[in-house]
Amino acid sequence: MVQSTRIVQALKQALRHRGVSYKQVADHLGLSLSSVKRLFSTGGFTLQRLEAVCDMADIDMLELTRRAEAQRLRVTSLNRDLERELVANPVLLLVATCALNRWPFERIVERYRISELQLIQHLARLDRMGLIELLPGNRIRPRVARSFTWLPNGPIHRYFVEHVQNSFLSGAFEPKRDLHRFAWGMLSAESAAALRAKLVELMESFDALTRGDEIRPAEEDRTKGSCLLVALREWEPAEFEALRRRLPGGEAA
């Protein structure tokens with residue numbers, strides 16, 4: 001039996017798009033209208049009936065599953081109040097970071113001084129925020145879209161700048177393992193736009209690689225916590241700016 005709410009919702013949307021009514025589905029399946037409505041309300045489709053309705057909606061099972069997954073991964077950002085709540089609670093922020101990086105429940109408890117009860121409470125809060133789904137057996141399923149980002153200059157960003165960034169950059173970088181480069185130069189608006197696009201591609205590659213390296217119990221030692229800081233900004237060191245000639249109005253040349 002197919003009981004996924006997202007699968008049924010995706011199927012309803014596909015039927016509406018094709019202009020197919022419940023009455024037409026009932027006639028096609030040889031069922032009463034009330035029986036079909038009950039199928040859609042309970043999700044109690046057999047695989048055979050689901051495939052038959054997919055044919056009416058002109059959609060295959062693979063595409064239906066893809067659309068259902070897209071409904072699950074729909075959170076693209078949090079509002080400022082929720083970001084402030086995360087920043088105000090370091091343990092909740094830690095749990096959110098682990099959960100969004102697909103750490104299983106057991107590994108979080110093993111790695112950090114958080115009891116199982118505390119972890120369940122924090123995960124339940126993240127569920128209510130919409131960041132994850134807390135499933136039976138304490139399984140954790142992220143609900144964020146691939147395009148998920150923290151708010152520009154929002155509470156999480158400010159927390160990173162004020163409490164994390166300096167520590168990250170001041171630490172030792174191991175040449176054989178890490179990379180730390182800083183470049184300063186002159187860019188036209190067109191070149192800056194092209195570079196921004198490449199940086200977005202880099203972040204997407206980082207995201208794809210981390211998703212591919214999801215933690216598995218037998219492979220935990222193969223993956224390590226890694227941070228990638230990407231920044232591009234129109235900027236000049238204060239020491240350089242202080243040496244610039246001034247225009248009659250007092251602005252730097």
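Because the structure is a prediction, the values reported are computed rather than measured.
- With a 4.5 Å cut-off on side-chain heavy atoms, Glu83 and Val87 do not count as touching.
- Aromatic pair Phe148/Trp150: ring centres closer than 6.0 Å.
- When all heavy atoms are compared, the tightest approach of Ala26 to Val36 is CA-CG2, 3.4 Å.
- Using a 4.5 Å cut-off on side-chain heavy atoms (C-beta onward), Leu93 and Tyr159 make contact.
- With sequence neighbours excluded, no residue forms a ring pair (Phe, Tyr, Trp, His ring centres under 6.0 Å) with Trp235.
- A side chain to side chain contact (heavy atoms under 4.5 Å, CB included) with Cys98 holds for exactly one of Leu94, Asn101, Leu100; it is Leu94.
- Using a 4.5 Å heavy-atom cutoff, the side chains of Val91 and His122 are in contact.
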- Message: Assess the residue pair Leu29 and Val25 against the criterion (side chain to side chain contact (heavy atoms under 4.5 Å, CB included)); give the C-alpha distance rounded to whole Å, side-chain angles, the decisive distance to 0.1 Å, and a yes or no.
- Response: CA-CA 6 Å; Leu29 296 180; Val25 174; 3.8 Å; yes
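- Evaluation of the side-chain hydrogen bond (donor to acceptor under 3.5 Å, both in side chains) rule for Ser167 yields no partner, not counting sequence neighbours.
- Around the CD atom of Glu162, the shell of radius 6.0 Å holds more than 12 heavy atoms that belong to other residues, nucleotides or ligands.
- Within the 4.5 Å cutoff, the side chain of Arg38 has no heavy atoms near those of the Leu33 side chain.
- Every residue two or more places apart in sequence or in another chain was checked for a side-chain hydrogen bond (donor to acceptor under 3.5 Å, both in side chains) with Glu116, and none qualifies.
- Here the CG atom belonging to Leu78 is positioned 9.5 Å from the CG atom belonging to Leu126, to the nearest 0.5 angstrom.
- Apart from Leu228 itself, the hydrophobic cluster it occupies contains Leu187, Leu195, Leu199, Leu202, Met203, Phe206, Val230, Leu232, where clustering links Ile, Leu, Val, Met, Phe, Trp and Tyr at side-chain heavy-atom distances under 4.5 Å.
- Between the side chain of Glu51 and the backbone N or O of Gln48 there is no donor-acceptor pair closer than 3.5 Å.
- Atoms CD1 and CD1, from Ile132 and Ile140 in turn, are 5.5 Å apart once rounded to the nearest 0.5 Å.
- Rounding to the nearest 0.5 angstrom, the gap separating the CG atom in Leu134 from the CZ atom in Arg128 is 10.5 Å.
- Phe240 is linked by a ring pair (Phe, Tyr, Trp, His ring centres under 6.0 Å) to Trp184, counting only residues two or more places apart in sequence or in another chain.
- Between Leu151 and Arg80, some side-chain heavy-atom pair lies under the 4.5 Å cut-off.
- The shortest distance between side-chain heavy atoms of Ile114 and Val95 falls below 4.5 Å.
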Would you mind writing out the side-chain donor-acceptor pairs for residues 53-62 within the sub-3.5 Å range, not counting sequence neighbours?
from, atom 1, to, atom 2, distance (Å)
Asp60, OD1, Leu62, N, 3.2
Asp60, OD1, Glu63, N, 2.6

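- Partners of His180 according to the ring pair (Phe, Tyr, Trp, His ring centres under 6.0 Å) rule, which considers only residues two or more places apart in sequence or in another chain, are Phe173.
- To the nearest 0.5 Å, atom CG of residue Asp127 and atom CZ of residue Arg141 are 11.0 Å apart.
- Under the side-chain hydrogen bond (donor to acceptor under 3.5 Å, both in side chains) criterion, Asp27 pairs with Lys23, not counting sequence neighbours.
- Considering only heavy atoms from C-beta on, Ile7 comes within 4.5 Å of Leu64 through its side chain.
- Within a 6.0 Å sphere centred on CD of Glu174, heavy atoms belonging to other residues, nucleotides or ligands number more than 12.
- When all heavy atoms of Gly19 and Gln24 are compared, the pair lying nearest together is O-OE1, 3.5 Å.
- Hydrophobic cluster of Leu179: no remaining members, since no ILVMFWY side chain lies below 4.5 Å from it.
- Annotation: salt bridge (Lys or Arg N to Asp or Glu O under 4.0 Å) contacts of Arg84 (sequence neighbours excluded): Asp81.
- Residues meeting the side-chain hydrogen bond (donor to acceptor under 3.5 Å, both in side chains) test with Arg18, sequence neighbours left out: none.
- Using modelled atom types, no side-chain atom of Glu241 and backbone atom of Glu236 make a donor-acceptor pair closer than 3.5 Å.
- One distance of note links OH of Tyr112 with CG of Leu119; it measures 12.0 Å at 0.5 Å rounding.
- Listed by chain and residue number, Phe40 satisfy the ring pair (Phe, Tyr, Trp, His ring centres under 6.0 Å) test with Tyr22 (two or more places apart in sequence, or in another chain).
- In summary, Arg139 and Glu133 do not engage in a salt bridge, as defined by a charged side-chain N under 4.0 Å from a carboxylate O.
- Looking at Asn166 and Val161, their side chains never come closer than 4.5 Å, going by heavy atoms from C-beta outward.
- Residues Leu169 and Phe160 are members of one and the same hydrophobic cluster, defined by side-chain heavy-atom contacts under 4.5 angstrom among Ile, Leu, Val, Met, Phe, Trp and Tyr.
- For the atom pair Glu106 CD and Ile108 CD1, the distance stands at 9.0 Å (nearest 0.5 Å).
- In this structure, the side chain of Gln118 engages the main chain of Ser115 through a donor-acceptor pair within 3.5 Å.
- With hydrogens and angles disregarded, no donor-acceptor distance shorter than 3.5 Å links the side chain of Ser35 to the backbone of Leu31.
- Scanning both residues, Phe105 and Ile120, for their nearest heavy atoms gives CE1-CG1, 3.7 Å.
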- Walk me through it: do Thr42 and Lys37 pass the test side chain to side chain contact (heavy atoms under 4.5 Å, CB included)? CA-CA 9 Å; Thr42 62; Lys37 289 181 177 179; over 6 Å; no
